[in-house]
Student: 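Take a look at the following structure, please.
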There are 2 protein chains.
Amino acid sequence: MRRNTAQRMAIEKVFNQHERPLGVDEVLSYGRHLVDSLNQATVYRNLKILVDEGLLKRISHPSLGTLYERTGKAHHHLFHCRECNRVFELSGCALKEDGAAPGGFVLEGHEVFLFGVCPSCGGMPR
Amino acid sequence: MRRNTAQRMAIEKVFNQHERPLGVDEVLSYGRHLVDSLNQATVYRNLKILVDEGLLKRISHPSLGTLYERTGKAHHHLFHCRECNRVFELSGCALKEDGAAPGGFVLEGHEVFLFGVCPSCGGMPR
DNA sequence: GTCGTTGCAAAGCCTTTGCAGGGAA
DNA sequence: TTCCCTGCAAAGGCTTTGCAACGAC
């Protein structure tokens, strides 16, 4: 049976307090503000549990490594700003579902990463 | 100055013989058919060099880890079959460039992974 | 002969796991 | 009291790096 320990609740709370995708190190440091004994192994174990339960989604970002974000949000894509390195969630889907895969391929899901410059970094094209 | 060693030429040849994205272990084992002394560290060093030179592109696949593919191809996306685990290259771009990013965001690039079942695995929806 | 490259082994990340103590129910 | 969970440390993968020998030019 699943137990609500202070550590697990802290980790869940971190994702409620931060809307953007988080790395393991961020979960750990934010989580330690809530439970100062929080251990790295505990974070890894709980992230895995939360992913298995469907509360979190694991993302493999091309340049930032493994990130985790809450599920249940509207479909969105991630935008990585090359200036400030922040990851933004852009609502909506920019994929043409029709024509994405040739005949014979059954499309069950997709993952899109966008790269560029965010508004607060100026947005001058490279 | 860049030297054309047997090892480096073997690694480049591997990518010419295999059109699909390859993992480090695949480059190593295919490369050893050409130069049997080929070492893992040599593969890593040369993959980095080839990426820096722009001959290869490094891809971070959500479930298959780090892959490398030749650059210079027409724009395409990757399709990962959950049955046979192969990665296919689908020509063309399924991203709606217009509307992908809200005003203020400057879009410089994107990466798309598609997931599903390939034709040879039957393609029955999950 | 130079000096970029290689093979080998050690070292570095990031992530997982074994174990004994601790705490939720 | 039960047994899931935690902290700690060790161990596992993948990738990088130090070093001496090698070999392309």
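Bear in mind the structure is a predicted one, so any value in this text is a computation, not a measurement. Chain identifiers are assigned alphabetically (A, B, ...) following the order of the sequence lines, protein sequences preceding nucleic acid strands; residue numbering begins at 1 within each chain. Hydrogens, waters and symmetry mates play no part in the numbers below; they use all other heavy atoms, side chains included.
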Student: Would you kindly confirm whether B:Phe88 and B:Val112 end up in one hydrophobic cluster when ILVMFWY residues are joined by side chain heavy atoms under 4.5 Å apart?
Tutor: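 Yes.
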Student: Who pairs with B:His18 by ring-ring contact (aromatic ring centres under 6.0 Å, His included), at least two apart in sequence or on another chain?
Tutor: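 With sequence neighbours excluded, B:His18 shows a ring-ring contact (aromatic ring centres under 6.0 Å, His included) to B:Tyr30, given in chain and number order.
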Student: Measuring from atom CZ of B:Arg86 to atom CG of B:Leu64, what distance do you get when rounded to the nearest 0.5 angstrom?
Tutor: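 With rounding to 0.5 Å, CZ (B:Arg86) is 13.0 Å from CG (B:Leu64).
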Student: For B:Arg32, check side-chain hydrogen bond (donor to acceptor under 3.5 Å, both in side chains) against everything at least two apart and list the hits.
Tutor: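 For B:Arg32 there are no side-chain hydrogen bond (donor to acceptor under 3.5 Å, both in side chains) partners, ignoring immediate neighbours.
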Student: Give me each pair satisfying ring pair (Phe, Tyr, Trp, His ring centres under 6.0 Å) with a member in residues 53-74 of chain B, each pair once, sequence neighbours excluded.
Tutor: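 Found B:His61-B:His80, B:His61-B:Phe113, B:His61-B:Phe115.
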Student: I need a per-nucleotide contact map over nucleotides 20-25 of chain D, read 5' to 3'. Cutoff is protein heavy atoms under 4.0 Å; write B for the base, S for backbone only, - otherwise.
Tutor: ---BBS
Student: Assess the side chains of A:Ser63 and A:Arg82: does a donor N or O sit below 3.5 Å from an acceptor N or O?
Tutor: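 Absent: no donor and acceptor within the cut-off.
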Student: Between B:Ser60 and A:Ser60, is there a side-chain donor-acceptor contact under 3.5 Å, judged purely by atom types and distance?
Tutor: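 A pair is found: one side chain offers a donor N or O, the other an acceptor, under 3.5 Å apart.
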Student: Identify the two heavy atoms, one from A:Ala10 and one from A:Gly31, that lie closest to each other, and give their separation to 0.1 Å.
Tutor: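 Here A:Ala10 and A:Gly31 meet closest at CB-O, 4.4 Å.
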Student: Note the angle between the end axes of the helix from C:dG1-D:dC25 to C:dA25-D:dT1, five pairs defining each, rounded to 10 degrees.
Tutor: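 About 30°, once rounded to a multiple of 10°.
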Student: Measure the CD-CG distance between B:Glu69 and B:Leu78 for me, rounded to the nearest 0.5 Å.
Tutor: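 Going from CD on B:Glu69 over to CG on B:Leu78, the span is 5.5 Å.
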Student: If you walk 5' to 3' along DNA chain C, what is the first nucleotide with an atom under 4.0 Å of a heavy atom in chain A, and what is the last?
Tutor: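 Counting from the 5' end, contacts occupy C:dC14 to C:dA25.
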Student: Which residues satisfy the side-chain hydrogen bond (donor to acceptor under 3.5 Å, both in side chains) test with B:Lys73, sequence neighbours excluded?
Tutor: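 B:Lys73: side-chain hydrogen bond (donor to acceptor under 3.5 Å, both in side chains) contacts with B:Glu19, B:Glu89.
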Student: Looking only at the side chains, is there a donor atom on one of A:Arg8 and A:Thr42 sitting less than 3.5 Å from an acceptor on the other?
Tutor: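 No, because no side-chain N or O of A:Arg8 sits under 3.5 Å from a partner of the opposite role on A:Thr42.
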Student: Enumerate the residues from residues 56-65 of chain B whose closest heavy atom to DNA chain C is under 4.0 Å, giving them by residue number; use none for an empty result.
Tutor: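 Going residue by residue through residues 56-65 of chain B, none turns out to have a heavy atom under 4.0 Å of DNA chain C.
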Student: Side-chain donor-acceptor contacts of residues 48-55 of chain B below 3.5 Å, not counting sequence neighbours, with atom names and distances?
Tutor:
unit_1: B:Glu53; atom_1: OE1; unit_2: B:Arg2; atom_2: NE; d: 3.2
unit_1: B:Glu53; atom_1: OE1; unit_2: B:Arg2; atom_2: NH2; d: 3.3
unit_1: B:Glu53; atom_1: OE2; unit_2: B:Arg2; atom_2: NE; d: 2.6

Student: Report the residues that fulfil ring-ring contact (aromatic ring centres under 6.0 Å, His included) with A:Phe15, sequence neighbours left out, ordered by chain and then residue number.
Tutor: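 Residues passing ring-ring contact (aromatic ring centres under 6.0 Å, His included) with A:Phe15: none at all.
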Student: Where along residues 38-55 of chain B does a heavy atom fall under 4.0 Å from DNA chain D?
Tutor: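 Per residue number, the list reads B:Gln40, B:Ala41, B:Tyr44, B:Arg45, B:Lys48.
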Student: With sequence neighbours excluded, what pairs up with B:Glu83 under the side-chain hydrogen bond (donor to acceptor under 3.5 Å, both in side chains) test?
Tutor: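 Not a single residue meets the side-chain hydrogen bond (donor to acceptor under 3.5 Å, both in side chains) criterion with B:Glu83.
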Student: Do B:Ser29 side-chain atoms and B:Asp25 backbone N/O form a donor-acceptor pair below 3.5 Å?
Tutor: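 Flag set: sc B:Ser29 to bb B:Asp25 pair under 3.5 Å.
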